[in-house]
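Here is the structure we will look at, set down as structure tokens.
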Amino acid sequence: MALKDFLAELDTLESDARAALGSAADAGALEAARVEYLGAKAGRLKAIQKGMGAVDKADKPAAGQRLNAVKQAVEAALEDAQAKLNSGAVKSAAPAIDATRPGRPVRRGRLHPITQTIERMKEIMGRLGFTAVEGPEIEDDWHNFVALNIPEIHPARDPLDNFYLSVASGQQAEGSGQQESQAALGPDGKPLLLRSQTSTVQIRTMETTPPPVRIVSLGRVYRPDTADATHYPMFHQMEGLCVAPGVTMADLKGVLQMFWQSYFGLEGEEHVDVRFRPSFFPFTEPSVECDIWHDGRWMEIGGAGMVDPNVLRAVGYDPEEVTGFAFGLGIERICMRQHGITDIRDLYANDVRFLAQF
Ligand code: DAH
């Protein structure tokens with residue numbers, strides 16, 4: 001074989017190898033090129049080397065020199081290509097994330113329907129000048145009953161109507177296998193309970209704030225009712241309280257009228273009517289049940305009245321100086337009515353297919 005032909009073969013190999021190594025897009029392609037050109041058994045360089053036996057004897061040194069030079073050049077090109085890949089200059093053809101695939105829509109979360117109702121009520125009452133305050137869900141006898149003028153013998157204190165708290169005494173009652181428990185007592189030595197009404201926050205607010213006060217409190221209350229379509233052992237109430245010199249029942253009716261007009265009446269021209277029916281609550285005198293005219297019928301929304309002088313005295317207010325009104329209503333009912341929800345348990349089953357509708 002003529003030296004010229006041998007060198008031409010090497011030239012072709014070198015330029016082919018440079019092209020293949022230079023364009024390898026990932027580690028796999030690079031390895032394939034390495035095997036094709038530099039492979040120890042079946043590589044193209046190896047094949048050319050084997051052909052050296054056919055080169056004229058006198059030309060062998062020159063042929064060998066060129067062969068070594070090409071080998072080194074191809075090896076250097078391989079190293080360059082490897083370095084380039086590692087530095088990330090060439091993007092892998094199979095990246096971990098395929099940015100070209102069609103996207104899946106991001107699902108947005110939303111507030112629970114009860115939370116939405118609470119936010120809306122707070123916002124409207126805020127515009128009417130009522131500050132939103134909170135109170136504890138574990139209450140004592142004083143705030144849940146005594147200060148609210150609920151006497152010792154009142155049925156509202158019935159253990160069957162309240163979640164009284166107990167503490168485990170740590171000892172097993174003999175033979176029963178059950179832990180003995182004792183009533184958890186408040187600072188006054190009376191049993192603690194989960195509050196059964198948000199009216200407790202009236203007391204807590206007035207105890208710490210001199211008149212005038214104008215507050216709402218929206219939160220959870222607890223009663224041991226068996227869950228059905230309209231009852232649940234935990235639900236939410238909004239409590240309102242306004243105490244100042246000269247506050248009258250006309251103010252109560254006006255505030256509730258404006259509140260419900262904003263809540264239900266804004267869309268469309270519907271006029272929301274408010275009506276009072278005589279009732280009784282220990283902490284108000286006189287007391288009323290409040291109905292609103294909505295969707296073509298009267299809907300009972302809660303209790304209200306003028307704060308009983310005994311309540312004002314219990315918190316150190318002077319009933320000769322200030323008068324006040326209060327109201328309390330169930331939030332679930334309103335939320336359910338607004339959205340056409342017919343079973344209160346759906347609100348708390350946490351089924352996202354249900355919740356995502358609101
Ligand atoms: N606390 C009462 C209840 O849970 C509701 C209520 C009635 C609250 C009259 C008031 C009120 O503030 O004046 O049934």
Side-chain angles (χ1 to χ4, degrees), residues 121 125 128 130-137 139 141-151 154-158 160-163 193-207 211 213-225 230-244 247-257 259-260 274-292 299-312 314-315 317 319 322-334 344:
M121 289 181 163
M125 289 308 292
L128 293 172
F130 286 72
T131 306
V133 299
E134 301 214 345
E137 291 176 20
E139 266 301 4
D141 194 63
W142 170 257
H143 293 95
N144 203 83
F145 299 121
V146 180
L148 287 164
N149 202 33
I150 300 175
H154 197 278
R157 292 166 172 268
D158 193 326
L160 295 176
D161 289 334
N162 293 282
F163 284 111
L193 74 162
L194 296 179
R195 67 179 179 192
S196 60
Q197 50 185 352
T198 46
S199 303
T200 54
V201 190
Q202 291 186 29
I203 304 304
R204 290 197 172 269
T205 304
M206 289 189 285
E207 278 177 336
V213 295
R214 198 150 51 168
I215 57 105
V216 282
S217 190
L218 299 90
R220 282 182 277 269
V221 299
Y222 302 86
R223 294 178 193 175
D225 292 327
T230 53
H231 296 85
Y232 206 74
M234 180 281 306
F235 60 100
H236 295 75
Q237 287 186 331
M238 174 166 79
E239 191 80 17
L241 175 71
C242 171
V243 183
V247 171
T248 71
M249 212 145 175
D251 298 315
L252 168 62
K253 195 160 186 190
V255 164
L256 289 177
Q257 167 73 49
F259 174 77
W260 291 111
V274 173
R275 106 181 154 180
F276 287 163
R277 284 176 290 118
S279 185
F280 175 80
F281 297 100
F283 32 88
T284 43
E285 182 59 36
S287 302
V288 295
E289 291 290 340
C290 180
D291 303 332
I292 61 170
M299 172 187 179
E300 202 177 307
I301 52 96
M306 298 304 292
V307 180
D308 194 292
N310 284 344
V311 173
L312 296 174
V315 297
Y317 281 16
V322 290
T323 52
F325 67 75
F327 61 88
L329 57 94
I331 293 175
E332 272 77 357
R333 276 181 124 231
I334 306 301
I344 189 173

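Computed from a predicted model, the values in this text were never measured in an experiment. Basis for what follows: all heavy atoms, side chains included, without hydrogens, waters or symmetry-related copies. One-based numbering, in listed order, for ligands and for the atoms of each.
Enumerated by chain and number, the residues approaching ligand 1 to less than 4.0 Å through a heavy atom are Gln197, Ser199, Gln202, Arg223, Gln237, Glu239, Phe281, Phe283, Thr284, Gly303, Ala304, Gly305, Ala326, Phe327, Gly328.
Take Asp141 and apply the salt bridge (Lys or Arg N to Asp or Glu O under 4.0 Å) test, not counting sequence neighbours, and it matches Arg157, Lys190. Partners of Glu207 according to the side chain to side chain contact (heavy atoms under 4.5 Å, CB included) rule, which considers only residues two or more places apart in sequence or in another chain, are Trp142, His143, Ile203, Val315. Remark: Thr248 engages Ala250, Asp251 in a side chain to side chain contact (heavy atoms under 4.5 Å, CB included) (not counting sequence neighbours).
The neighbour count for Glu134 CD, taken as heavy atoms of other residues, nucleotides or ligands under 6.0 Å away, does not exceed 12.
Aromatic ring orientation, Phe163 versus Tyr222: perpendicular (interplanar angle above 60°, classes split at 30° and 60°).
Contact between Ser217 and Gly135 at its shortest, heavy atoms only, is OG-N, 4.3 Å.
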